[in-house]
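Data first, discussion second: the structure below is written as structure tokens.
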There are 2 protein chains.
Amino acid sequence: MLFVDFMLLSSACVYGLRASVYLASVSDDSYVSITKISEELDISRHFLTKVLQKLTDNDIMESMKGPKGGVRLTRPGDEIVLLEIVAAIDGMDILTECALGLPGCGTAKPCPIHDQWADTRDEIRQMLTETTLRNLVDRGKAGNLRLTEEGEFKWA
Amino acid sequence: MLFVDFMLLSSACVYGLRASVYLASVSDDSYVSITKISEELDISRHFLTKVLQKLTDNDIMESMKGPKGGVRLTRPGDEIVLLEIVAAIDGMDILTECALGLPGCGTAKPCPIHDQWADTRDEIRQMLTETTLRNLVDRGKAGNLRLTEEGEFKWA
DNA sequence: CCGTAAAAAGACAAAATACTCCTTAATCTA
DNA sequence: TAGATTAAGGAGTATTTTGTCTTTTTACGG
């Protein structure tokens, strides 16, 4: 499922976000297998496994092996903000790096675009920090919004 | 000159922006050779040549071959906004695509993050639309801001 | 204890991006 | 007109990201 052009977030990060929203939407405390998630969201199972490992490594999810195993969120959806997921998968660079790609750009050694970009970056950070998984689930359920390419996803 | 991590803009786009700001800063009407630009900004000459071809294809720059040839901006720096350069090199996808990577996401078929992301995207678009090359040159000259990694660049 | 189901881990393949090199075409200068 | 210089064009390389496949480890259920 390759989307040809440039995006703000990597594919891996988008998959992680969608899976996290999905888990938040079905959350009783039970584990959900990655196979199930990959089928619901139409994402490559093996690739999603690797992506979600980063989230378990960062204590955003926890996993259990064996039958009845799978993954689940470590905290309720209203306590997990999007920034945690983005940071775990793509890192914080998008929120710290210079838009001109000059390493070390900052208030001490700014490039001409620095202040302009810093404002925009703060908007992104604020959005990612203020939005919880629960917010997205509520919005998704209220508006019957899609979580898959074809829009066939049914909210629990 | 490979910057390892994820960035909002591609390397090609960053090179194009830096070269454009450079040209705007030295602009009399003369052509500047790409070799000169690549040396001033410490960018691979061959790669920069390809990037700048996209800008000439999009009538942001014009070129001339032969001795005394090179490239120059087609318009004064205060008439060229950053969005033109970004669109020519990276395309408009960053300003139209869904943050969840769902093709076709929009007001008609929104994903749960759509409205949230649309606001942020508008901030980026506004910044890229309101900022001219001249703005960056003025800011660069006023603050002696760097345009290269080592900050050795001298504004004309 | 055994078979099965699931995540974890690692090797591999494909695609996109970033970069290099070589040849060709255009234009200037002598 | 000839030689030099510079952009354009095309082919090839390297690295990263994305995706696949196989094996191993862990846990459940009989």
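Just so you know, these numbers use all the heavy atoms, side chains as well, and skip hydrogens, waters and symmetry mates. Numbered from 1 within each chain, the chains take letters A, B, ... in sequence-line order.
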Side-chain donor or acceptor of [X] paired with backbone N/O of [Y] under 3.5 Å:
X        : Y        : answer
A:Arg45  : A:Ile34  : no
A:Arg134 : A:Val137 : no
A:Trp155 : A:Leu147 : no

- More than 12 heavy atoms of other residues, nucleotides or ligands under 6.0 Å from NZ of B:Lys68: is that the case?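 No - once you tally the heavy atoms of other residues, nucleotides and ligands closer than 6.0 Å, there are 12 at most.
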
Can you tell me the distance, in whole Å, between the [atom1] atom of [X] and the [atom2] atom of [N]?
X       : N      : atom1 : atom2 : result
B:Leu9  : C:dT17 : CG    : C1'   : 15 Å
B:Asp42 : C:dC19 : CG    : P     : 11 Å
B:Ile37 : D:dT5  : CD1   : P     : 19 Å
A:Lys50 : C:dG10 : NZ    : P     : 9 Å
A:Asp90 : D:dT16 : CG    : P     : 16 Å
A:Phe47 : C:dA9  : CZ    : P     : 17 Å

- For B:Ser30, which residues count as a side chain to side chain donor-acceptor pair (under 3.5 Å) partner, sequence neighbours excluded?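 B:Asp28.
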
Please list, for nucleotides 2-8 of chain C, all pairs of protein and nucleotide N/O atoms separated by less than 3.5 Å.
| from | atom 1 | to | atom 2 | distance (Å) |
| --- | --- | --- | --- | --- |
| C:dA6 | O4' | A:Gly66 | O | 3.3 |
| C:dA7 | OP1 | A:Ile34 | N | 2.4 |
| C:dA7 | O3' | A:Ser63 | OG | 3.3 |
| C:dA8 | OP1 | A:Ser63 | OG | 2.7 |

- Task: Answer yes or no: does a side-chain N or O of A:Tyr15 lie under 4.0 Å from OP1 or OP2 of D:dG19?
- Result: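 Result: yes.
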
- Query: For B:Asp59, which residues count as a salt bridge (Lys or Arg N to Asp or Glu O under 4.0 Å) partner, sequence neighbours excluded?
  - Reply: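 Salt bridge (Lys or Arg N to Asp or Glu O under 4.0 Å) check on B:Asp59 returns nothing, list empty.
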
